[in-house]
Amino acid sequence: MTCRKGHRLSKNTRALITGIGLVSSLGIGVDAHRKKLSQGSIIPITEMIEGVSYPVHPLCNIDYEQQIPRRGDRRQMGDWQLLGTFAAGLALEDAGLAADDDAKSRTHLLVAAGIGVRDQESDQAIINQVVNLPNDGPLLNQLLMDTLRPTLFLTQLANLLAGNISIVHGVTGSSSSLMGAEMAGVSVVENAVNRIQSGDADLFLVGGSFVASPDHLLSLIAMKLAWKGEFLPISQREAKGGGALFGSVGAFLLIESSAHAEARGATAYAAIREVNSGNGVNRSIREVVKRLMGTVATDRLLVMSGATGIEPQTSEEKLVLEYLGIAVKDLQVRSYSNILGLSSEAHFPAGVALAAIAAHHAEPYVPFDISEFEHPTNEVADQMLVTTSGQWRGAGAALLDRIE
Amino acid sequence: MASTKLDHKKRPIVVVTGMGIVTALGTGKQDNWSALTAGRSGIDRIKRFATDNLRTTIAGQINFIDNGEYCASTMCYNLAVLAVEEAITQSAIGSRTDFPGPLFCAVPPFEVEWPLRIKVAHAYSGSNAPSENLFASLAASAEAGDWRDEFTNAQRESVAERLADTFSVRGQPISVSTACASGASAIHFGVEAIRRGECDAALCVGSDASVNPEAMVRFSLLSALTTRNDPPQAASRPFSRDRDGFVMGEGSAALIVESLQSATARGANILGVLQGCGQRADSFHRTRSNPDGAAIISALTNAFNDAGLAPSEIDYINPHGTGTPENDKMEYISLLEVFGDTLKDVPVSSNKSMIGHTLSAAGAIEAVFSLLTIENGSLPPTINYNIPDPEILLDVVPNKSRNKQVERVLSNSFGFGGQNISLVLCAEPV
């Protein structure tokens, strides 16, 4: 007995991407990303986090009021919830569903959820007093009682991104939040596609958001996975021990059954044929891509490569790309982590979004990295393979079809 | 029904073939069930850490298992291992180190906890002048030391990943976080995977060990916890007029869910049927339900439609029943809307009166108790029920368990962030 992933593709139950909400260091929305990524040469945007020499891809300027009109709502959210709620609003708008209350009440929410950013000021105040009294429990209790605020809890709670999306945008079909950084981002897309293909439901709002904060960076440093010093393209980091830069990204997708999209006359960016994150005990990127290769039906494949510079995952992905280079006649590769950074819960949805945008527009992307795999091209691929590896566990991939 | 192995919507019937549980009442189904039906409370004074300066000083804690130095994720993992081993043994599926299906695991949102944060800061302050920039000093300390294991444990997926290793589950393990509905959500994910034909069996787990100072302060600041510390056993009072908040509890439960087809083919003992699941998100408020109960009512209705049953066919309700003024009132209003006048004849008893609110684990723990209620033909009581709330007219099985055969049970779970989920659990299909 093992897991079986469905291949019940019928005309009515193809999973289509009909809305994209994407925010990153590059800008806001589909057009901003498309324009920046298809012209000239791309210079990744990075800055150092204050006080340390670790770079991140920072968030662009966002006027949250455009998607979250009520001040009262904005005040009760942490940065990651603001970003995610904003990106979710963009996706609904892009799908033409922002004002469709009936559709939104039938839309299922699947959110890859991290936890919120801690309040650095409160933590510093507490640490300063307890650092040399590490066993003084009563003192810590008193400081926590005095320093924490009720709203802080809600900005940190994993499922409150989904909660805020329900409140602000009225998406109330059902609401599930999955945790686990990059792999949670894979699982939410995979679950939506499986449910659409089985005819279980028609509409899913799926994605995640991540703000590159000192708190998250501390974990990456302690786990010895962070890239230190000036930015270097991912393809050149292996020789120096590897490592990833965090990037702030909000990425949401409206995934819809073909029957539902057709009935309302919606335009789709692309179809998601299948998502895989391993069916057995082996969950390596090699295993995952192998399982999708049976559904690759083209000589012209675009790989949206999610390797982040973390080793050994990045080297493993390189081997996969070498294999694909032999198996596929016209292989195009774009390393989206090189321009967006490692964006945890938002990483895979963002890769899928970029692949879907590429599928829909006639203008191919310019190279994202200076690696041996990336070359300028004038040809739009027929299928797109999006990959992601977890920071320390798991791998996932999606195969997208261009819609004629 | 059993001959077709399909339900009323032509989907595979999903049954439960193994269950495991650990709560403040003990380890294993037997100890838990005898304590629960004896009306014994597992709530006690917190001894694991100093409670000075906290408003609430009690919890449903698990102190009878050695977890070493406290770390929420390590304790969650340890509790889950106990529950999963019991479930796999009962189900006789695979082996104790080889479960042939996916894992859906409900866990609280982990983060780097204070003891670790203080240790990292302390390591820095020992050899350096104090820094104005907390992050810079923590980063320097994290860089210099080897904290890989501690920080990896604090990642949100750590418990599910460790369980996946221990039991060799198939595919990507899923960490579900829908606040206090998480345990029920994990079961729903498992049921759907089987109905879609993705697997024959799934491991659904809920585990929570969040009783620590910061988590308690957070719930205190939202006025969610009772402060009736003395005596601890009398603090949790679901549906009483004088209820004033919940008591945090620790625990874990595991359920092996399996297609009826697969269970019958391998001659497994069937413990019950997961007949229906219903969800609905509320868009009213971050911590409160819409006063009209619309989302809860919709979750209930969805569960009944999914199960192919009418509310009148339900024999017993295992409610969310936290003992907060708001939850119990909203749950009653919504049940009344769906059940109508017959509600007063349906027994409704809250396990949380004895084990506290086990948060992310509650939905899984209460699903196990619901199936034990069916299996044993006795209804556990709602203890501490001395002053009925005149606005909540329920048969709460007050204070003493009651012998009664039940076939169909409704189990509710609600959570912050507008999470509402209901499960319908039934006796073995005939």
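By convention in this document, chain letters (A, B, ...) are assigned in the order of the sequence lines, proteins followed by strands, and residues within each chain are numbered from 1.
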Check: Can you tell which of L54(B), V176(B), I421(B) has the highest number of heavy-atom pairs within less than 4.5 Å of chain A?
Finding: L54(B)

Checklist line | Proximal component of V52(A), with respect to chain B [non-hydrogen, under 4.5 Å] | finding: side chain

Item checked: chain A interface, residue from Q279(B), E111(B), R117(B) that has the most non-hydrogen pairs under 4.5 Å -> R117(B)

Next item on the list: Examine whether an atom of L140(A) lies under 4.5 Å from a heavy atom of chain B, and if so say whether it belongs to the side chain, the backbone or both; otherwise answer neither.
Entry: side chain

Notebook entry, point to check: Which bit of E121(A) comes within less than 4.5 Å of chain B, counting heavy atoms only: side chain, backbone, both or neither?
Noted result: neither

Note to self: Can you tell me how the ring of F219(B) sits relative to the ring of F153(A), calling it parallel under 30°, perpendicular over 60° and tilted otherwise?
What the structure shows: perpendicular

Check: Non-hydrogen atoms of chain B under 4.5 Å away: do they reach the side chain of E182(A), the backbone, both or neither?
Finding: neither

Note to self: Which one wins on heavy-atom pair count under 4.5 Å against chain A: A142(B), S158(B), P108(B), A202(B)?
What the structure shows: A142(B)

Next item on the list: Against chain A, label T51(B) side chain, backbone, both or neither, depending on which of its atoms sit under 4.5 Å from a heavy atom there.
Entry: backbone

Item checked: Atom group of R149(A) that falls short of 4.5 Å from chain B, counting heavy atoms -> backbone

Item checked: Residue part contacting chain A, namely of V120(B), when any heavy atom lies under 4.5 Å -> neither

Note to self: Under 4.5 Å from any heavy atom of chain B, what part of L110(A) do you find: side chain, backbone, both or neither?
What the structure shows: side chain

Notebook entry, point to check: Considering only heavy atoms, which portion of F110(B) lies under 4.5 Å from any heavy atom of chain A: side chain, backbone, both, or neither?
Noted result: backbone

Notebook entry, point to check: Side chain, backbone, both or neither: which part of L138(B) has a non-hydrogen atom closer than 4.5 Å to chain A?
Noted result: both

Next item on the list: Could you tell me which of S177(B), G418(B), P213(B), A295(B) has the largest number of non-hydrogen atom pairs under 4.5 Å with chain A?
Entry: S177(B)

Notebook entry, point to check: Which region of E150(B), side chain (C-beta onward) or backbone (N, CA, C, O), has a non-hydrogen atom less than 4.5 Å from a non-hydrogen atom of chain A, or is it both or neither?
Noted result: neither

Check: Of the backbone (N, CA, C, O) and the side chain (C-beta and beyond), which part of F416(B) lies under 4.5 Å from a heavy atom of chain A, both, or neither?
Finding: both

Check: In Å, rounded to the nearest 0.5 Å, how long is the span from CZ of R291(A) to CG of N279(A)?
Finding: 4.0 Å

Check: Heavy-atom distance under 4.5 Å to chain B: side chain of S344(A), backbone, both or neither?
Finding: side chain

Check: Between E143(B) and chain A, which part of the residue has a heavy atom less than 4.5 Å away: side chain, backbone, both or neither?
Finding: both

